[in-house]
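Inspection log for the structure reproduced underneath, given as structure tokens.
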There are 2 protein chains.
Amino acid sequence: MARTPVPGTRDTILTAAAGLFYRYGVRAVGMAQVVEVAGCGKNLLYRHFPSKAELAAAYLTLARRERERAAAEALRWANTPAEQLIALVSEIAESTRRPGYRGCAFRNYLTEFPGATDEPAQVARGYLADSRAVVDRLVSELGGDALLADRIWLIVDGLHSGPPEQARVALDWITELVRPSDQGQ
Amino acid sequence: MARTPVPGTRDTILTAAAGLFYRYGVRAVGMAQVVEVAGCGKNLLYRHFPSKAELAAAYLTLARRERERAAAEALRWANTPAEQLIALVSEIAESTRRPGYRGCAFRNYLTEFPGATDEPAQVARGYLADSRAVVDRLVSELGGDALLADRIWLIVDGLHSGPPEQARVALDWITELVRPSDQGQ
DNA sequence: GTCTATAAACCGATAGAC
DNA sequence: GTCTATCGGTTTATAGAC
């Protein structure tokens with residue numbers, strides 16, 4: 001008889017890989033390292049993820065789900081478009097201050113693999129494009145123009161790339177931009 | 001006497017390495033690729049650069065010199081601090097629109113090697129710190145406060161990380177920030 | 001003989017196959 | 001879980017110019 005497959009093995013492997021990929025970079029981490037941390041055999045890893053690219057794609061997809069979960073949670077108490085924008089940026093700002101923060105997983109991947117068009121790159125670009133679309137939609141609902149959306153996205157980009165100290169500066173600025181009446185409050 | 005050493009060999013190697021490192025990333029490029037493009041043997045490469053880390057450090061130092069040369073050129077016709085800030089950001093904005101632009105070489109390295117403290121990482125962090133200090137000084141001379149400096153640096157970070165289309169948005173915004181009298185012009 | 005330049009050899013790590 | 005063929009950075013031999 002076959003041995004009972006341990007449930008959640010895929011998640012165990014993916015969690016281990018995600019932690020390593022985010023912390024050290026996808027290129028820097030070998031499959032051997034992943035199996036070591038996951039505590040399983042190589043065999044099992046390649047059963048669940050046929051290639052490193054697919055594992056990286058799964059890692060970014062997991063990261064996307066986490067980001068979307070956090071965003072949805074942040075939006076629970078936000079009603080107006082302005083409050084929603086502030087809530088989203090506030091969530092990002094908080095995440096940059098958490099220990100172990102190493103920048104945006106999607107931007108990092110695209111920096112590690114410039115010009116890549118493989119599955120992980122598509123996941124990364126897809127997330128960034130969709131995030132940008134959300135900003136555009138909220139700014140539009142707010143009554144803002146394309147310039148305001150561009151500026152907010154510029155700050156979001158800077159927020160992801162710069163040091164965590166910039167988080168508050170970025171959040172305050174966004175708040176000022178989407179709630180002009182609160183200027184100098 | 002020994003065989004006539006080809007002059008400029010070091011520069012040839014460094015130029016080849018710099019092009020490859022910037023285009024594909026330091027991690028993605030092997031020493032074999034460098035010697036292939038440089039058209040020399042491995043031995044000669046290791047004679048000039050004892051390790052890949054030293055070659056990477058030389059690459060970033062070269063990039064720094066190029067950035068500083070471009071910055072000095074941009075500053076030639078700028079007299080006031082405001083004009084100088086605009087000139088510097090304008091130069092960055094132009095560089096992001098040049099074909100082959102793949103982001104900031106220094107930020108890219110730090111993304112590729114998170115937490116690194118080796119020589120190239122020191123060169124990268126040193127350049128970014130010095131650049132930030134220049135912004136702080138100019139904003140101070142301008143009569144601006146720490147918040148303005150933080151905001152300008154936030155835009156500069158976003159400008160380096162985002163797509164080239166953001167270049168004009170960033171430049172216009174900086175112009176508006178340092179020359180308040182021109183608002184709505 | 002000393003130096004340059006090339007090529008081959010090293011050894012650990014790599015992705016992946018069985 | 002072991003094996004392999006490949007590739008990583010690095011080093012050592014070899015061929016050739018002065």
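Chain A is the first sequence line, chain B the second, and so forth, proteins listed ahead of strands; every chain is numbered from 1. The figures here come from the full heavy-atom set of this structure, side chains too, leaving out hydrogens, waters and symmetry mates.
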Legend entry - Which nucleotide in D:dT10, C:dA5, C:dG16 has an atom nearest any side-chain atom of A:Tyr46: C:dG16
Inset, instruction - Whole angstrom is fine here: how far is it from CZ in B:Arg27 over to P in C:dA15? - result: 12 Å
Legend entry - Rounded distance (Å) that lies between atom C1' of C:dT6 and atom CZ of B:Arg47: 13 Å
Inset, instruction - May I ask you to say what A:Val29 touches in the nucleic acid, namely base, sugar-phosphate or nothing, with a heavy-atom cut-off under 4.0 Å? - result: sugar-phosphate
Inset, instruction - Take atom CD of B:Glu36 and atom P of D:dG9, then tell me their distance rounded to the nearest Å. - result: 13 Å
Legend entry - Short side-chain to backbone donor-acceptor contact, A:Tyr46 and A:Lys52, under 3.5 Å: no
Inset, instruction - Check the distance between C:dC10's P and B:Lys42's NZ and give it to me in whole angstrom. - result: 14 Å
Legend entry - Listed nucleotide nearest any side-chain atom of A:Met31, set D:dG9, C:dT4, C:dA15: C:dA15
Inset, instruction - May I ask you to decide if B:Pro164's main-chain N or O and B:Tyr101's side chain share a donor-acceptor pair within less than 3.5 Å? - result: no
Inset, instruction - Kindly state whether the ring of A:Trp173 and the ring of B:Trp173 have centres lying under 6.0 angstrom apart. - result: yes
Inset, instruction - Using heavy atoms to find the nearest nucleotide of DNA chain C for B:Cys40 and A:Gly30 separately, return the residue whose nucleotide is more 5′. - result: B:Cys40
Legend entry - Summary of salt bridge (charged side-chain N to carboxylate O under 4.0 Å, His left out) pairs that have at least one residue in residues 30-39 of chain A, sequence neighbours excluded: none
Inset, instruction - Grab the CZ-C1' distance between B:Arg10 and C:dA5 for me, whole Å please. - result: 18 Å
Legend entry - Rounded distance in Å - CG (A:Leu45) to C1' (C:dT14): 14 Å
Inset, instruction - Choose from D:dT12, D:dT11, C:dA17 the nucleotide whose nearest atom is closest to any side-chain atom of B:Asn43. - result: D:dT12
Inset, instruction - Grab the CG-C1' distance between B:Leu44 and D:dT12 for me, whole Å please. - result: 16 Å
Inset, instruction - Provide, to the nearest angstrom, the distance between the CZ atom belonging to A:Phe21 and the C1' atom belonging to C:dA15. - result: 12 Å
Inset, instruction - Could you tell me whether the side chain of A:Asn108 and the main chain of A:Arg102 form a donor-acceptor pair under 3.5 Å? - result: yes
Legend entry - Candidate nucleotides C:dT4, C:dA15, D:dG1, ranked by approach to the side chain of A:Lys52 - the nearest: C:dA15
